[in-house]
Amino acid sequence: MKYWLVKSEPSVWSWDDQVKAGTTDWSGVRNPQATINMKTMKKGDRAFFYHSNEGLAVVGICEIAKEAYPDPSDKAGKFVQVDVKPLEAFKQPVTMAEIKATPGLKDMVLVKNSRLSVQPVTAAEWKAVCKMGGLKS
DNA sequence: GCCAACGTTGGC
DNA sequence: GCCAACGTTGGC
């Protein structure tokens, strides 16, 4: 199983929205590298749900419910989307500041390339962040 | 609100 | 196909 991190601005689409909506498509990604990452995702992979701009924290865990397929909002047909299903909310959000202050998490893509909206997360990073968020993993 | 980092666009 | 200019993202 692989681990990922997806980003959303809570003013546009928040974790609460995701929980209320249940399984939804993760559409609108228009970045080549993020697209490659989504194409690599397998059903059953896990992804952190991160709030950018406001909150600046990992707030919950999603499961990839459906592997990459064409994003209907992309007329050119170049970009893809996956389906995500909310699994579990963190007991406490893990903020960017905490991640930066934690040895071993400083190399997370979130820190290194904060603009990438769909990122890989290593197993070690996954475990550490889950623990900080109050979840077993 | 500012600005650094990154992507994209378009003239050549 | 290069690269300067511009636009966007997102942390601070």
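By convention in this document, chain letters (A, B, ...) are assigned in the order of the sequence lines, proteins followed by strands, and residues within each chain are numbered from 1. The figures that follow rest on heavy atoms only: side chains count, while hydrogens, waters and symmetry mates do not.
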- prompt: Tell me, for nucleotides 5-12 of chain C in 5' to 3' order, what letter each nucleotide earns: B for a base near a protein heavy atom under 4.0 Å, S for only sugar-phosphate near one, - for neither?
  reply: ---BBBBS

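When each of A:Met38, A:Gln33, A:Lys7 is checked for a side chain to side chain contact (heavy atoms under 4.5 Å, CB included) with A:Val118, only A:Met38 meets the rule.
Under the 3.5 Å distance criterion, the side-chain polar atoms of A:Glu67 are matched with a main-chain donor or acceptor of A:Lys43. No donor-acceptor pair under 3.5 Å is formed between the side chain of A:Glu9 and the backbone N or O of A:Trp13.
Using the six-membered ring where Trp is involved, A:Tyr3 and A:Trp126 have ring planes that are parallel, under 30° apart on the 30 and 60° scheme.
Applying the under-4.5 Å side-chain rule to Ile, Leu, Val, Met, Phe, Trp and Tyr, the cluster around A:Leu116 extends to A:Val109.
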